[in-house]
**Q** 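This is the structure I want to talk about, given as structure tokens.
Both counts, for ligands and for their atoms, begin at 1 and track the order of listing.
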Amino acid sequence: MKMPSASATDLNKPELKHFLKTQDYTRQQLADILELMGMLKEARKANAVPQLFKGKSVGMIFEQPSTRTRISFETAATILGGHGLFLSPKDIHLGAKESLADTGRVISRMCDVIMARVDDHKTVAGLAEHSTVPVINGLCDWLHPTQIMADLFTMMEHLPEGKKLEDLTVAFVGDATNVCSSLMFACTKFGMHFKHIGPEKYQAPQMWQDIALENIETSGGKLTVTDNVDEVEGCDILIADSFYWFGQEAEKEERLTTFMPKYVVTEEMMAKAGENSVFMHCLPANDQRECTREVMDGPRSVIFDEAENRLTAQMALLVYLTHKHIQKPSEETVAFHKDRIEGLLSRI
Ligand code: CP
């Protein structure tokens with residue numbers, strides 16, 4: 001049984017919602033988060049972000065290194081009036097002297113949100129099971145949902161003339177990474193045509209394809225999984241990702257041999273996609289491996305808008321997941337506690 005939370009936001013409520021995967025959300029709910037992202041981005045540009053996370057904290061567990069996810073969550077919390085705590089497994093007891101369940105319960109008593117970047121999806125799911133505050137998946141072996149909110153928003157900012165999100169054809173070129181799976185699920189949920197173009201050995205498994213196909217039944221989207229790089233032709237967006245990640249170092253040479261040069265996004269591949277095609281990459285990029293520097297720095301690359309939108313996404317997620325739970329005390333309540341505490345302080 002979950003114990004009542006003593007956190008300031010008292011999040012032990014039936015409507016407690018985690019953000020582990022976009023599949024847990026309807027298309028409309030994801031669209032709401034995207035709309036909130038737009039408003040918060042505009043407010044940030046105007047230096048006028050409402051303090052919707054004031055006095056609150058997000059505990060950030062990182063089992064793997066990160067530049068964008070760490071900076072964006074910490075900065076988002078600060079901009080919204082709160083605070084982000086960096087919790088490396090080297091510095092906390094998680095998995096060594098303390099169980100996942102106890103760690104989740106303890107952080108829930110002091111922080112208002114938990115964000116975890118983990119090696120195994122089971123870890124972030126386990127934290128969600130035992131926590132009484134929202135848990136956000138900041139990347140696991142299967143998914144990278146916060147990245148995908150930034151990616152969807154970036155696509156909206158760079159829509160081709162006259163097109164809507166559901167009109168897009170998105171080609172993910174390369175390995176079936178956690179970004180590939182998350183994009184496959186989100187793009188098909190929004191009715192887009194999603195193509196995974198990669199060598200047969202590294203293509204999206206059937207289980208992922210089944211999830212995408214289920215989305216397509218209601219959204220009207222389309223899924224293509226192929227090893228044929230000519231399939232980039234006519235695509236609105238080309239997306240690259242690393243050919244190897246943490247834990248795959250032993251496979252590095254085999255992977256590079258399999259993917260290169262056929263699946264490297266080059267200027268020639270961009271030209272084949274079409275003159276208005278856009279290039280995206282979640283970063284960090286292995287320069288000259290999955291994509292060339294010319295493409296990264298080229299006029300059709302939006303990779304740094306995409307990186308900036310990690311911050312836009314994290315602001316929206318912190319607000320979206322907590323706004324219903326924030327208790328606004330009355331002036332009388334604030335005055336009561338102030339008088340009581342100041343009364344004691346005057347005596348001690
Ligand atoms: N894209 C992404 O998650 O970047 P980091 O690994 O730097 O957080």
Side-chain angles (χ1 to χ4, degrees), residues 19-22 33-34 37 41 58-79 84-91 113-121 123-124 127 135-155 157-158 170 172-187 237-249 252 265 278-287 289-291 293 295-297 301-318:
F19 195 76
L20 302 186
K21 51 187 191 297
T22 54
I33 297 172
L34 290 168
M37 285 171 68
K41 185 165 184 174
V58 50
M60 311 184 302
I61 298 170
F62 280 95
E63 288 186 343
Q64 291 178 12
S66 161
T67 299
R68 280 144 290 271
T69 308
R70 177 178 176 181
I71 295 171
S72 57
F73 267 107
E74 202 164 324
T75 306
T78 304
I79 290 172
L85 295 89
F86 176 69
L87 307 169
S88 148
K90 287 201 295 284
D91 306 316
V113 176
I114 298 172
M115 193 289 302
R117 166 169 289 205
V118 296
D119 297 325
D120 189 332
H121 183 77
T123 307
V124 72
L127 273 171
V135 174
I136 299 175
N137 180 357
L139 178 146
C140 66
D141 52 341
W142 182 33
L143 297 161
H144 198 357
T146 66
Q147 175 70 52
I148 271 45
M149 294 313 294
D151 288 2
L152 290 173
F153 189 80
T154 308
M155 289 176 197
E157 287 183 319
H158 295 279
V170 174
F172 183 97
V173 185
D175 187 19
T177 63
N178 43 18
V179 173
C180 175
S181 64
S182 306
L183 276 167
M184 179 182 281
F185 303 153
C187 290
I237 296 172
L238 260 60
I239 303 180
D241 195 3
S242 303
F243 291 148
Y244 62 94
W245 190 245
F246 295 100
Q248 295 170 334
E249 289 84 357
K252 179 178 160 185
V265 179
V278 165
F279 176 69
M280 293 175 63
H281 191 309
C282 65
L283 303 178
N286 291 298
D287 200 351
R289 286 189 170 151
E290 66 266 21
C291 54
R293 180 46 53 178
V295 169
M296 289 171 71
D297 289 340
S301 167
V302 297
I303 58 176
F304 297 109
D305 290 350
E306 187 182 358
E308 181 188 335
N309 282 331
R310 298 299 307 282
L311 174 60
T312 315
Q314 321 311 22
M315 284 194 293
L317 287 169
L318 291 178

**Q** Taking distance alone, with N or O pairs closer than 3.5 Å, would you say Cys282 contacts ligand 1?
**A**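 Yes, there is a polar N/O contact under 3.5 Å.
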**Q** Does His144 offer a backbone N or O that forms a donor-acceptor pair with the side chain of Ser182 under 3.5 Å?
**A**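 At least one qualifying donor-acceptor pair exists.
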**Q** Answer with yes or no whether the side chains of Thr154 and Asp305 bring together a donor and an acceptor at under 3.5 Å.
**A**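 Looking only at side-chain atoms, Thr154 and Asp305 do not form any donor-acceptor pair under 3.5 Å.
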**Q** Closest non-hydrogen protein atom to atom 4 (O) of ligand 1, residue and atom name please, with distance?
**A**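 I find the closest protein heavy atom is Arg68 NE, 2.9 Å.
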**Q** Is there a heavy atom in His144 that sits closer than 4.0 Å to ligand 1?
**A**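 Judged by the 4.0 Å heavy-atom criterion, His144 does count as contacting ligand 1.
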**Q** So, Ser72 side chain and Thr69 main chain: donor-acceptor pair closer than 3.5 Å or not?
**A**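 A pair under 3.5 Å: yes.
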**Q** Is Glu306 paired with Arg68 through a side-chain N to carboxylate O contact shorter than 4.0 Å?
**A**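 Salt bridge: no.
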**Q** For Ser242 and Trp245, indicate whether the former's side chain and the latter's backbone hold a donor-acceptor pair under 3.5 Å.
**A**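 Side chain of Ser242 to backbone of Trp245, a donor-acceptor pair under 3.5 Å: no, none is there.
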**Q** Does at least one non-hydrogen atom of Leu283 fall below 4.0 angstrom from an atom of ligand 1?
**A**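 For ligand 1, residue contact (heavy atoms, under 4.0 Å) with Leu283 is present.
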**Q** In the protein, which heavy atom is nearest to atom 7 (O) of ligand 1, and how far is it?
**A**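 Ranking protein heavy atoms by distance from atom 7 (O) of ligand 1, first comes Thr67 N, 2.7 Å.
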**Q** Give the intermediate values and the outcome of side-chain hydrogen bond (donor to acceptor under 3.5 Å, both in side chains) for residues Asn178 and Gln147.
**A** CA-CA 10 Å; Asn178 43 18; Gln147 175 70 52; over 6 Å; no
**Q** Ring of Phe62, cation from Arg70 - is the NZ or CZ under 6.0 Å from the centre and inside 45° of the axis?
**A**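 The answer is no; the distance or angle limit is not met.
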**Q** So, regarding Arg70 and ligand 1 (criterion: nitrogen or oxygen to nitrogen or oxygen, under 3.5 Å), is there a contact or not?
**A**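 In this structure, Arg70 places no N or O atom under 3.5 Å from an N or O of ligand 1.
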**Q** Answer yes or no for Arg117: is there a heavy-atom contact with ligand 1 below 4.0 Å?
**A**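 Judged by the 4.0 Å heavy-atom criterion, Arg117 does count as contacting ligand 1.
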**Q** Are any of the N or O atoms of Thr69 closer than 3.5 Å to those of ligand 1?
**A**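 Right, the criterion is met.
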**Q** Near Arg310, which atoms of ligand 1 are under 4.0 Å from a heavy atom of that residue?
**A**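 That gives atoms 1 (N), 2 (C), 3 (O), 4 (O) of ligand 1.
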